[in-house]
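In what follows, a single structure is set out as structure tokens and then discussed.
Only heavy atoms go into these numbers, but all of them, side chains included; no hydrogens, no water, no symmetry mates. In each ligand, atom 1 is the first atom listed, and ligand 1 is the first ligand listed. Nothing here was measured: the structure is a model prediction, and the numbers come from that model.
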Amino acid sequence: MKKTNRRDFLKLGGLALAGPLVATGLNVKPAQAEKLPSYGMEKHVPVNCRMCAQKCPGLARVVDGRLVGIEANPQSVLPGVCGRSVAVAGMVYNPNRIQSPLIRVGERGEGKFRRASWPEALDLVASKLKIYRDQGTPEAVAVAVRFHGAPGVDNEVFKVYGTPNFPGYADTCWANSRAVGLGVVCGPFSKGLPGCSPSKVSINFAKAKYGVLAGRNPAGGLVCYPWAMNFCKGKRDGLRLTVVDPRKPSEAGEDNVHWLPIKPGSDLAFMLGLFHELIKNKSYEPEYLIKHTNAPMLVDAKTLQPAGVREIEKEEKGKKVKILDYLVFDRAAGEVRFASDAKNPALNGTYEVTFTDKTFKAVTALDRIAQELKNYTPEWAEKKSDVPAGEIRKVAQELEQNRPHAFIDPTYRSERYFNSFKGIQVIGMMNALIGAFGQEGGIIWNHSPKTGKLIHPPKAKAAAISKYYMKHDPNFRFGNDHYYRHRAVETLLTDKPYPIKAMVFNGANLLGGSAGGTEIVEALKKLEFTLCISPFFNETTLYADVILPDATFVERDEAINSKYKSEVPGVTINMKAIDPLFDAKDPYWISLELARRLLTAEEYATHFKPYEDGGIELLWETQLAGLKGISADEKKKITVDYLKQHGIWNGKAPIPKTKAKTPTHKLEIFSTFLASEYAELEAKGDSNALVASPLPVWQPANWMTTRDKLAQDEFIPITGFAPLNSFTGQQTKDNRLLANVGESISWDAVFINKAKGKSLRLADGDLVSIRNPDNTLEQTARVVLSELVHPDAMFSYYGTGPGAFKNLNKFYSNAPKTGFNPNHSAPYHHAPLVGGHAAHDFVIKMRKI
Ligand code: SF4
């Protein structure tokens with residue numbers, strides 16, 4: 001067999017397109033390329049890995065026409081892929097994949113289906129979904145997308161159809177507590193609401209000297225390879241870490257890692273104790289705080305409102321922007337002035353302010369925060385969190401010694417507890433205090449260029465259901481109008497603001513990935529019609545009326561991706577490495593077939609015929625022609641041919657800069673957004689006012705409000721990742737190549753504290769029944785007794801077992817037959833104001849079977 005060397009392989013990667021042009025598409029024009037016989041050849045095809053959701057750039061390795069794995073693309077500035085992607089063949093060649101279209105024959109949830117031809121299945125879908133459009137209510141169809149296979153085209157079909165409802169997945173992940181908690185401090189804001197997604201900023205692990213990880217394990221979780229590579233580089237260069245976690249994440253490595261076991265749901269208490277120490281020790285640079293933060297802002301100590309604000313216009317990058325200007329005490333002038341006019345704002349002190357004819361005393365934001373933190377001593381924090389006060393002081397000293405090349409990680413998958421938002425707000429405030437934003441080894445802004453669009457659907461007539469909840473639901477006041485999957489469930493259950501009658505799940509697993517199994521089942525049963533587009537069975541497909549199997553990412557060409565979660569801009573391409581297996585079809589073909597059936601001939605001709613004629617090459621060209629956020633010279637260099645050859649284009653790493661995209665254009669250590677929300681909620685006597693406070697204040701986790709202490713058989717379910725299990729499950733769940741490794745780490749088990757387990761007369765390997773006493777769903781799992789788990793916690797790897805929906809087992813042969821999924825047993829509840837799922841914030845009971 002001829003082997004390629006490193007220099008040749010990318011050339012072959014480009015030629016790899018040459019595979020049979022067949023594919024799947026009667027009317028889909030495939031990528032243009034030369035033909036190359038695959039016999040005896042090894043080829044490398046650029047792909048964006050989708051073994052989890054991160055789309056890391058890699059090279060699919062195909063030997064003699066057979067996919068054998070994904071390798072790092074050395075053209076990337078952060079080359080690397082994880083163990084999941086190496087096991088891609090275990091996903092693709094799994095005979096348990098959905099092999100042909102299926103139509104339900106049993107009861108919903110039973111998982112009984114019959115095979116159907118593509119025309120039969122597509123006609124059935126069209127006949128069901130057309131009803132709502134013909135009735136003038138296209139908004140009655142909601143489309144939940146997670147792993148959509150035809151970006152740039154698939155959602156567009158339903159946008160032209162007329163629905164505004166595309167409830168995204170991330171309200172169970174980062175879209176609420178993390179996005180709002182960090183967003184109030186550093187921005188950005190969109191339509192008046194803060195939202196800092198994980199793609200906006202990164203931790204500069206590679207250059208950091210010290211960091212605090214709470215609620216995330218970048219090495220074990222590997223939620224994004226550029227981050228993991230940076231993390232590993234930092235570790236090699238001596239990065240020291242304090243890991244605050246109810247379970248010791250062994251994947252973070254032993255070197256330079258200090259583990260502090262913490263009571264589940266009490267991270268906020270730890271953070272408040274730490275903040276107390278940082279302020280007490282003056283762990284900050286006054287110049288940084290004055291220049292980059294609103295710490296000198298004068299505020300009314302009681303009402304927590306800025307002493308005075310005005311809107312001003314400034315020129316930024318040739319554009320006029322509106323900025324909120326605020327009062328400070330200018331030491332140079334010896335008087336209170338607006339920050340934009342002050343030369344030397346004071347960081348501390350109380351001053352008399354006269355503003356809009358009123359005279360009153362106002363204090364600097366920094367002093368008001370310090371005043372609030374007085375009572376949150378490390379001893380107070382120890383009582384709430386079980387982390388010894390001395391350890392909290394040590395962490396504060398480490399941060400003092402290493403700032404600003406240090407960080408407190410704002411986490412990723414944050415929707416765990418009612419107080420997660422508050423915890424992340426405090427983390428953001430502390431990072432601003434120690435000067436971590438915009439510093440090497442601190443928190444840096446990512447750079448994601450935007451690509452052009454081929455299809456421009458008209459705006460839907462009806463408003464999305466999310467708008468209703470943002471206005472009327474106190475738990476969704478800061479909610480996100482992209483990520484509102486739970487609000488779709490609410491609409492199904494209540495018909496508010498209008499009925500949703502049918503749902504399309506495009507690579508989305510509502511029942512497996514969202515908290516509140518009981519209510520979600522009820523909602524799914526109410527639907528008149530459910531379509532799942534998925535290569536694999538999952539909990540939601542059990543409730544589908546029709547399932548359409550789409551080709552996996554290595555079996556299709558796909559739109560160009562420019563969201564790289566890195567400060568270095570990147571543009572990547574995903575090309576078909578092998579033909580679709582079984583009777584799976586290219587998702588672009590599926591989209592066109594649905595468009596043809598659901599839309600008028602005129603709509604099809606306007607919006608989709610260009611794709612039918614020009615194919616993926618036209619989409620790629622259009623995306624690149626519309627590239628924004630890079631220089632004209634860079635844009636010239638990025639051509640489709642360049643991407644086919646190299647797989648990725650990377651820009652240059654910028655020198656980190658401190659910037660903030662908040663109303664004041666400063667890092668808001670005292671959030672002006674929250675101050676205004678607090679005032680409004682206070683005036684109404686709303687109990688959520690405390691949560692909206694711009695100050696660092698304690699808020700208990702929900703489970704703490706139900707009891708002072710857990711009973712002996714009670715636990716709080718926590719989850720985590722290894723580089724084996726994808727947080728979206730199915731790619732890694734029934735994967736033969738991962739099963740043995742999974743078994744070796746007991747990925748089907750629940751891990752509990754050894755002493756507590758023994759007191760329950762449990763031994764390693766015992767099968768236990770696990771239930772939330774407030775609902776009827778029961779789960780089973782093997783138990784592992786461990787000294788590395790807090791007594792209140794029960795740890796499980798996320799998404800490995802069938803949880804409460806064992807009908808799934810009949811579709812799998814490599815996946816564990818038992819195993820816990822917290823989402824299934826979690827209550828259908830929401831964190832105040834931000835509306836996150838709070839998927840760990842409940843108590844479960846365990847008993848030996
Ligand atoms: S983190 Fe691993 S599984 Fe996820 S996209 Fe990246 S390489 Fe693939």
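- For His447, the NE2 atom sits in a packed shell: over 12 heavy atoms of surrounding residues, nucleotides or ligands are nearer than 6.0 Å.
- With sequence neighbours left out, the ring-ring contact (aromatic ring centres under 6.0 Å, His included) criterion links Phe553 to no other residue.
- Side-chain N or O atoms of Asn823 include none that pairs as donor or acceptor with a backbone N or O of Leu511 at under 3.5 Å.
- Distances below 4.0 Å separate heavy atoms of Met51 from the following atoms of ligand 1: 3 (S).
- In this structure, Lys637 has no salt bridge (Lys or Arg N to Asp or Glu O under 4.0 Å) partners at least two apart in sequence or on a different chain.
- Only backbone heavy atoms of Lys55 (N, CA, C or O) come within less than 4.0 Å of ligand 1; its side chain stays farther off.
- Taking all heavy atoms of Cys82, Cys56, Cys49 into account, the minimum distance to atom 2 (Fe) of ligand 1 is reached by Cys82.
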